[in-house]
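This report concerns only the one structure given below.
So that the names make sense, note that chain A is the first sequence line, chain B the second, and so on, each numbered from 1.
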There are 2 protein chains.
Amino acid sequence: MGDEKRGGAQAEKRGGARAEKSRTRREQILDAAFNTFARRGYRDTAMDEIAAAAETSKGGVYFHFATKEAIFRELMRSTADRLAAKVDRAVAAETDPIAKADAALRTVFATFAGHRTMARLLFLDALGAGRAFNDETNALHERFARMIAGYLDEAVAEGAIPPLDTRLTGVAWFGALNEVVARWLMAGEPARLEETYPPLRALLLRSAGVPEARIAATGPAR
Amino acid sequence: MGDEKRGGAQAEKRGGARAEKSRTRREQILDAAFNTFARRGYRDTAMDEIAAAAETSKGGVYFHFATKEAIFRELMRSTADRLAAKVDRAVAAETDPIAKADAALRTVFATFAGHRTMARLLFLDALGAGRAFNDETNALHERFARMIAGYLDEAVAEGAIPPLDTRLTGVAWFGALNEVVARWLMAGEPARLEETYPPLRALLLRSAGVPEARIAATGPAR
DNA sequence: CGAAACAAACCGACTGGTCGGTCGGATGCC
DNA sequence: GGCATCCGACCGACCAGTCGGTTTGTTTCG
């Protein structure tokens with residue numbers, strides 16, 4: 001590890017102008033790649049496109065970066081770094097734990113709202129695939145989020161939980177579930193998926209305002 | 001819409017044996033595609049692979065399905081249908097809203113735990129891209145989930161929230177956030193992302209056991 | 001100071017490989 | 001004979017990465 005860039009690296013020994021221009025080009029390419037990846041996704045972005053957007057040639061791009069993946073990696077890392085630093089700064093300014101949580105969430109929201117492109121790059125995993133795939137995936141998420149929202153509506157109607165934004169809650173629940181399952185699939189984090197069921201159940205119910213007493217009563221299940 | 005399959009469609013008018021064999025082949029292909037997609041992802045699955053896995057040829061596959069995408073679509077839909085039906089059945093068996101929620105969650109968990117392949121197909125959007133992309137994405141999720149867990153640990157240490165599985169909560173929070181942002185990006189659902197901040201904030205804090213009084217106090221922010 | 005020598009930076013045609021989809025025919029059930 | 005079914009060689013498009021060659025800024029030396 002540590003062999004990121006190529007020739008341009010140690011060129012700054014002398015001749016500042018040259019090195020500076022090189023660094024500028026590098027940034028130019030990174031910038032172009034950022035926008036192109038965010039707009040069209042990783043797979044659908046061709047190196048020629050990046051080159052064109054950076055107003056250089058494919059050869060020029062390959063002079064500064066070894067592979068397409070290397071560009072993506074660097075972009076991911078630096079973008080995530082920037083966001084994490086921003087959040088850390090915001091959190092450090094607060095002392096109360098809940099205020100900290102607030103600050104973190106608010107920072108993330110504000111940053112994404114201001115930099116849509118950043119959000120696309122960091123969060124839209126699915127953009128890695130093509131359009132078709134994406135549409136199907138979207139429909140699926142939509143469907144299950146709505147399904148959950150429907151159940152929540154019933155619960156609200158029956159007075160089991162206080163009124164709340166069921167649409168949003170459906171989306172959030174689905175997202176949480178999705179992430180937990182994905183983690184299990186990719187990292188094998190809990191060896192048995194069912195292990196996370198009780199704590200996740202409690203978490204979700206609590207988030208909808210179900211009284212603690214009610215949550216504890218798991219019943220005879222399992 | 002409605003031009004899914006090709007010749008095989010209306011073949012069942014007469015001659016049962018022939019039609020049956022055709023239907024069998026269709027299933028065979030679907031089955032092979034299911035496994036291959038789940039294992040290697042959409043993009044990395046070649047039609048030749050599907051054909052080989054189904055013990056037929058590419059031409060054979062193309063006789064039954066118009067495009068690769070059509071196969072994927074049908075697979076997604078039918079799999080989601082099956083899962084949704086299962087959940088619906090489980091929910092219908094309960095009357096109490098919270099028990100319903102329980103049943104739904106438990107059904108999903110049990111189904112995935114039993115059919116890892118199904119989970120892969122339905123939930124691993126990122127699998128649509130290649131390995132490289134995926135690794136990077138994974139690291140990112142891991143990183144932010146841990147970051148959240150870290151903050152939660154502090155909050156627990158200070159007694160601001162009751163002890164809980166901070167690791168899982170971090171993952172769930174990240175998933176919820178991710179999904180909300182993704183929804184905004186893809187569907188443009190809330191025109192302004194910030195609109196969802198207050199309700200999401202309340203949802204997340206509540207899920208961690210922050211007392212209702214504390215949640216209501218939004219402070220002078222915004 | 002200017003010209004030759006050098007190397008960093010850049011260019012774009014080309015290669016090798018992949019893969020979705022096509023098509024002309026073969027095969028067997030009715 | 002005729003139609004559904006199936007086969008697999010082939011086509012065309014796409015694209016990451018390479019490479020020989022050109023340009024351009026810098027250094028060296030007469």
- Short side-chain N/O contact from A:Ser22 to OP1 or OP2 of C:dA9, under 4.0 Å: yes
- Using atom CZ of B:Phe65 as one end and atom P of C:dT22 as the other, report the distance to the nearest whole Å. 16 Å
- Between atom CZ in A:Phe63 and atom P in D:dT18, what is the gap in whole Å? 15 Å
- Task: Can you tell me the distance, in whole Å, between the CZ atom of A:Arg26 and the P atom of C:dC10?
- Result: 12 Å
- Round to a whole Å and report the spacing from CD1 of A:Ile29 to P of C:dA9. 11 Å
- A:Arg206: what forms a side chain to side chain contact (heavy atoms under 4.5 Å, CB included) with it, not counting sequence neighbours? A:Ala202, A:Glu212, A:Ile215, B:Leu164
- Sequence neighbours left out, what passes side chain to side chain donor-acceptor pair (under 3.5 Å) with A:Asp88? Give chain and number order. B:Tyr151
- side chain to side chain donor-acceptor pair (under 3.5 Å) with A:Asp48: which residues, sequence neighbours excluded? none
- Considering just the side-chain nitrogens and oxygens of A:Arg25, establish if one lies under 4.0 Å of OP1 or OP2 belonging to C:dC10. yes
- Message: Within a 6.0 Å radius of atom CD on B:Glu55, are there more than 12 heavy atoms belonging to other residues, nucleotides or ligands?
- Response: no
- Query: Does A:Arg143 have any side chain to side chain donor-acceptor pair (under 3.5 Å) partners at least two apart in sequence or in another chain, and if so, which?
  - Reply: B:Asp81
- Item | Spacing of A:Gln28 atom CD relative to C:dA9 atom C1', expressed in whole Å | 13 Å
- Residue list, salt bridge (Lys or Arg N to Asp or Glu O under 4.0 Å) with A:Arg146, at least two apart or on another chain: A:Glu142
- Query: Between C:dC10 and A:His64, is there an OP1 or OP2 to side-chain N/O distance shorter than 4.0 Å?
  - Reply: yes
Protein-nucleotides 17-20 of chain C N/O pairs under 3.5 Å:
{"from": "C:dG20", "atom 1": "OP1", "to": "B:Thr45", "atom 2": "O", "distance (Å)": "3.2"}
{"from": "C:dG20", "atom 1": "OP1", "to": "B:Lys68", "atom 2": "NZ", "distance (Å)": "2.7"}
{"from": "C:dG20", "atom 1": "OP2", "to": "B:Met47", "atom 2": "N", "distance (Å)": "2.8"}
{"from": "C:dG20", "atom 1": "N7", "to": "B:Lys58", "atom 2": "NZ", "distance (Å)": "2.9"}

